[in-house]
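For reference, the structure is listed below as structure tokens.
Model, not experiment: these values are computed from the prediction. Atoms considered below: every heavy atom in the structure, side chains included; atoms not considered: hydrogens, waters and symmetry mates.
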Amino acid sequence: MQRTHRCGELRVDQDGQDVVLMGWVNRRRDHGNLIFLDLRDRTGITQVVMDKEISGEAHAKAEAARSEYVVAVKGKVRRRDAGLENPNMATGAIEVVAKELLLLNEAKTPPFSPAEDAIANEEVRLKYRYLDLRREQMQYNFALRHKVARAIREYLSENGFLEIETPFMTRSTPEGARDYLVPSRVHPGDFYALPQSPQIFKQILMISGFDRYFQIARCFRDEDLRADRQPEFTQIDLEMTFPRQETVFRTVEGFLTAAFKTAGIQLEGPFLQMTYDDAIRKYGIDKPDMRLPAMVEFTDDLDPALRETLKIEQKLPILGFIIPKAGGLSGTERKKLLSEVRAGFGESGLDLLDTERLKTSEAFAPLAATITQKLEATPEDLVVVVTPKLGTPEMWNFDRQWIYKRVGALRLQLAQKFADKHKLFEQTGTANDFKFLWVTDFPMYEWNEEAKTWDAAHHPFTSPHEDDIKSGALFNDKGSVRALAYDVVLNGTELGSGSIRIHRQDVQAEIFRSLGMSDEEAKQRFGFFLDALEYGTPPHGGIALGLDRIVMILAGATSLREVIAFPKTAKAIDLMVDAPSAATEQQMKELHLKIAARS
RNA sequence: GGGGACGUAGCUCAGUUGGUUAGAGCGCUGCCCUGUCACGGCAGAGGUCGCGGGUUCGAGCCCCGUCGUCCCCGCCA
């Protein structure tokens, strides 16, 4: 028997045709002498009717059929009579009248039903991933993922990019995350590292004259997981020679527009652009969620006398923001929220004002109008103003950014709290759901308090701004050096990160030195790369974007596990195959490994 | 490494102040049913209350520990 159609394909046009469908039993409805089987494959569901009077044999087999049995049906497409159509199904205007039914395979009663809307807990879903993946939503997610990846491949290919593979078994790269290591059998005691990104290889491909490279590449980082972080993930990695930042931006906007188009979303380019400093000042974070209004600074709106009255620190910033639509709180809710937020501030010296206090406090009366107006707040919105209390920690005079970041974090936390209730992030299926942003001019260095060193904020191959090299800031004032580094941000999620690279060997060596790396160490770790830079390296730059994150947001999911077929748990375990697992003694011996202690 | 939430039938969950025999819906099994599409009706099976210890006359409920899943901070460009 040969399948002629998929389960989601038949329409009234095929009325009267003989067809063969194969698929899973989604549901069975037994009416005695009449049995309905809903047959499912990834294209959809078709109702099959077994009538005892038409085919007693098929009917008898249908009596034995159960959920998730795999069956083949030979029969005739029949337009349903008036009143019997099901408008909720794409195939609801027809049904297939079975002449012959084959049970191709039985199925144990599944622990949860792929046909149900209610979904089981993740532990069960991950253990029986093959059942979970049969669910319509998951089938949709992976079809979407395929389409997005394909659109990106096509766009980049058409724009002169070559897809080139780079090794999985390589050596430590300079991203700064922990490496997954692979022991070498041939070289006792030596290890390959799985790539955290193809960074060095793609730069060498530029030196090799490939001009434009891309790869949809798996990357590995042994760090703790989050909803949007898996130990292995997929990057759309690209690099080009002779670029300006804008060249990279337009390329990314191009392929994202193509990718979103396949998902039915028409994006408007170019994306908004903002410096890192602005992002911190207006949103308190380097990956602003532009779906929510920015913070507003009221520092200059309070004169010293008023600050004194209100017991607010004289010099430090006063920041406010609104959470749209979340204003209608009861007295009890308001009190609870206030005390929660205050508890969250702890010893930080921050305090909070809200709409109610703004209205009722006499001292604030002159300000209330200004605040409401500057925030463009309506009575529906929750208004929050954060003030540093008198006698705040001294460090604040040196690290004002901390206040912006803390208030920015509160903004996100409150938005999250009210998101569901007020549908703050509900998708409408238009470009409005997706707020893209380029963040530019990231700092070159980052102070590592623990090690008391300056680290590369992006990675050590990132080019600093020309001006900051000339001014000598590289060594005098590392905190002020800007990098030619940029992030692309979508709805508060960092989608990707890139930079214009250093292409001169002398500059690269200088940067290693400025990071406190001795020439010997640089040579030992990156000698091959410093060598390569000396053989005619063109100016180059690029970016890498998280494919999983793009698909997650497009699918309206909140966890990468929804768009990775076989993901790992928060403890990096694969519940289906039960990995990681112990190696056999023989394997350990061959790899020259011994377990020191198993705690 | 730290904080929080959860863990009761195959699944989703309820279980009061610690009290007798731990419940519901779905699913499952059997029987009935010719127009259902979350079919319906009747009957039935199904429990290591995550695990270990403690308090108590008595623990699903209280205490301690532990394991697992999820979320967050640290960490991760």
**Request:** Could you tell me the separation between the CG atom of A:L84 and the P atom of B:U34, rounded to a whole number of Å?
**Result:** 16 Å
**Request:** Compare the ring of A:H31 with the six-membered ring in the base of B:U36 and state whether they stack (centres under 5.5 Å, planes under 30°).
**Result:** no
**Request:** Round to a whole Å and report the spacing from CG of A:L410 to P of B:C73.
**Result:** 14 Å
**Asked** Could you state the CD1-P distance from A:I45 to B:U36, rounded to the nearest angstrom?
**Response** 18 Å
**Within the 6.0 Å centroid threshold, strictly below: A:H31 and A:F36** = yes
**Request:** Report yes if a side-chain nitrogen or oxygen of A:R561 is closer than 4.0 Å to either non-bridging phosphate oxygen (OP1 or OP2) of B:C71; otherwise report no.
**Result:** yes
**Message:** In this structure, how many angstroms lie between the P atom of B:C71 and the CD atom of A:E123, rounded?
**Reply:** 13 Å
**Message:** Does B:C6 have its OP1 or OP2 closer than 4.0 Å to a side-chain nitrogen or oxygen of A:N121?
**Reply:** no
**Message:** In whole Å, I'd like the distance from the CD atom of A:E68 to the P atom of B:C28.
**Reply:** 11 Å
**Item:** Euclidean distance, atom CZ of residue A:R29 to atom P of B:G41 [Å, nearest integer]
**Value:** 15 Å
**Asked** Any side-chain N or O of A:R80 under 4.0 Å from OP1/OP2 of B:U36?
**Response** no
**Asked** Does any donor-acceptor pair link the side chain of A:E116 with the base of B:U12 at a separation under 3.5 Å?
**Response** no
**Asked** Between A:S197 and A:Q235, is any side-chain donor less than 3.5 angstrom from a side-chain acceptor?
**Response** no
**Request:** May I ask you to verify if any side-chain N or O of A:R178 is less than 4.0 angstrom from the OP1 or OP2 atom of B:C75?
**Result:** no
**Message:** For B:G68, give the paired nucleotide (Watson-Crick: N1-N3 plus N6-O4 or O6-N4; G-U: N1-O2 and O6-N3; both under 3.5 Å), or none.
**Reply:** B:C6
**Complete:** When A:F36 and A:S67 are each assigned the nearest nucleotide of RNA chain B, the 5'-most assignment goes to A:S67
**Item:** A:R66 side-chain N/O to B:U29 phosphate OP1/OP2 under 4.0 Å
**Value:** yes
**Message:** Taking 4.0 Å as the cut-off, does a side-chain nitrogen or oxygen of A:K52 come that near to OP1 or OP2 on B:U34?
**Reply:** no
**Asked** B:A38 P sits how many Å from A:N86 CG, rounded?
**Response** 6 Å
**Request:** For B:U69, take OP1 and OP2 only and decide whether either is under 4.0 Å from a side-chain N or O of A:T569.
**Result:** yes
**Message:** Aromatic contact between A:Y486 and A:F249, with the criterion being ring centroids under 6.0 Å apart: yes or no?
**Reply:** yes
**Message:** In whole Å, I'd like the distance from the CD1 atom of A:I119 to the C1' atom of B:C26.
**Reply:** 16 Å
**Prompt:** Taking the same atom, P, in B:U16 and in B:U29, what whole-Å distance lies between them?
**Reply:** 33 Å
**Asked** Would a line drawn from the ring center of A:F526 to the ring center of A:F461 be shorter than 6.0 Å?
**Response** yes
**Message:** Less than 6.0 angstrom separating the ring centers of A:F168 and A:Y192, yes or no?
**Reply:** no
**Prompt:** From B:C72, B:C26, B:C76, pick the nucleotide closest to the side chain of A:R221?
**Reply:** B:C76
